[in-house]
Amino acid sequence: MPGVGVEAERARLRRELHDGLGPSLSGIGLCAQALAELLDGSGTDTERALLDRIRAEVALATAEVRRLLDGLAPAALASHGLVEALRRHARSVSPATAVEIVESSLPNLPPPLQATAYRIVTEAVTNVVRHAGARHARVTLAGRRRSLLIGVADDGRGTGRVSPGVGLTSMRQRAEAAGGRFSLRSTPGGGTEVRVRLPLERPRAAQPV
């Protein structure tokens, strides 16, 4: 079982990759997109080729950061299981936001699915603490019809229009990579709710006839 020092180092690396390098790469990508729009129809072949190269390199670097983050498997899962690991995480977030974890009819979850659920929930809770201005957040985990249902709802300020930043994009991509679905609802003054459905078993690919 990893020691406290190892887990702390994993947490530090995860924060630095997600909070530092990840947003920086996203900013470079947005600048490259803006430059592409400015050069549309007016840039030289060399300029457009260089811009395409920059955009490709940013995409590769972003994928590598995501791979590194995925490789930092949460040690808390192996030590405590999904629900208890999330409760421990909830107790470690800002005291200004109370985070409640509620489980219902949870089946035995395979380790990869636990890791996906853990990362999605912790990402959603991080977004609540940083951006929602909420006093309370409720995380629900339930097994329904061969699926794991995840909900993260807060009583924060909400917004009528949500810009897909690094955190939301990461959650959606993780859900879709596991064969699931991601949705988000936010209303001004009415808080925000993230909903995710993950299949307990990945569908098998059709075999060629």
Side-chain angles (χ1 to χ4, degrees), residues 10-11 13-27 29-30 59 62-74 76-77 82-83 85-87 89-90 92-94 97 99-103 106 109-134 136-144 147-187 190-200 202:
R10 285 181 173 179
L13 289 172
R14 191 176 293 112
R15 285 195 302 270
E16 290 185 1
L17 287 170
H18 178 270
D19 299 341
L21 189 54
S24 295
L25 289 172
S26 295
L30 290 173
T62 301
E64 179 65 8
V65 169
R66 187 173 296 116
R67 186 190 68 79
L68 291 171
L69 284 170
D70 288 343
L72 294 171
L77 288 178
L82 176 61
V83 175
L86 288 174
R87 285 180 174 146
H89 177 78
S92 71
V93 300
S94 170
T97 305
V99 181
E100 177 186 12
I101 310 292
V102 180
E103 62 168 310
L106 276 185
L109 302 174
L113 186 59
Q114 289 192 47
T116 297
Y118 181 86
R119 292 186 176 110
I120 288 174
V121 171
T122 54
E123 184 70 62
V125 170
T126 297
N127 277 359
V128 170
V129 171
R130 289 182 177 174
H131 308 300
H136 179 265
R138 180 183 176 94
V139 176
T140 56
L141 303 162
R144 295 287 189 278
S147 295
L148 171 63
L149 304 183
I150 300 172
V152 182
D154 67 68
D155 61 358
R157 62 179 65 92
T159 177
R161 183 177 181 181
V162 179
S163 299
V166 175
L168 292 179
T169 300
S170 175
M171 284 187 280
R172 182 182 299 278
Q173 291 176 341
R174 290 187 190 281
E176 293 175 350
R181 297 198 302 269
F182 171 93
S183 64
L184 183 145
R185 182 180 63 184
S186 185
T187 55
T192 300
E193 182 177 14
V194 167
R195 291 185 179 181
V196 177
R197 178 187 291 270
L198 301 175
L200 297 181
R202 290 295 304 271

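- Within the 4.5 Å cutoff, side-chain heavy atoms of L141 are placed close to those of L86.
- In this structure, R195 places its CZ atom where only 12 or fewer heavy-atom neighbours from other residues, nucleotides or ligands lie under 6.0 Å away.
- When every heavy atom of L109 is checked against every heavy atom of L113, the shortest pair comes out as CD2-CD2, 3.9 Å.
- We find the CD1-CG distance between I150 and L198 to be 4.5 Å, quoted to the nearest 0.5 Å.
- Considering all non-hydrogen atoms of both residues, R144 and A142 come closest at NH1-CB, 3.6 Å.
- Closest of all the heavy-atom pairs between A85 and L77 is CB-CD2, 4.1 Å.
- Taking CZ of R172 as the start and OG of S183 as the end, the distance is 8.0 Å to the nearest 0.5 Å.
- If you take CD on E193 and OG1 on T140, they are separated by 7.5 Å, rounding to the nearest 0.5 Å.
- E103 meets the side-chain hydrogen bond (donor to acceptor under 3.5 Å, both in side chains) test with no other residue; sequence neighbours excluded.
- Here the closest non-hydrogen pair linking L200 and L148 is CD2-N, 3.9 Å.
- Shortest non-hydrogen contact noted between I120 and A175 is CD1-N, 4.0 Å.
- The distance from the CZ atom of R130 to the OG1 atom of T97 is 12.5 Å, given to the nearest 0.5 Å.
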Legend entry - side chain to side chain contact (heavy atoms under 4.5 Å, CB included) assessment of L184 paired with T192: CA-CA 7 Å; L184 183 145; T192 300; 4.0 Å; yes
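- Of all non-hydrogen atoms in R174 and R119, the two that sit nearest each other are NH1-CD, 3.3 Å.
- The side-chain hydrogen bond (donor to acceptor under 3.5 Å, both in side chains) check on R138 picks up E100, with sequence neighbours excluded.
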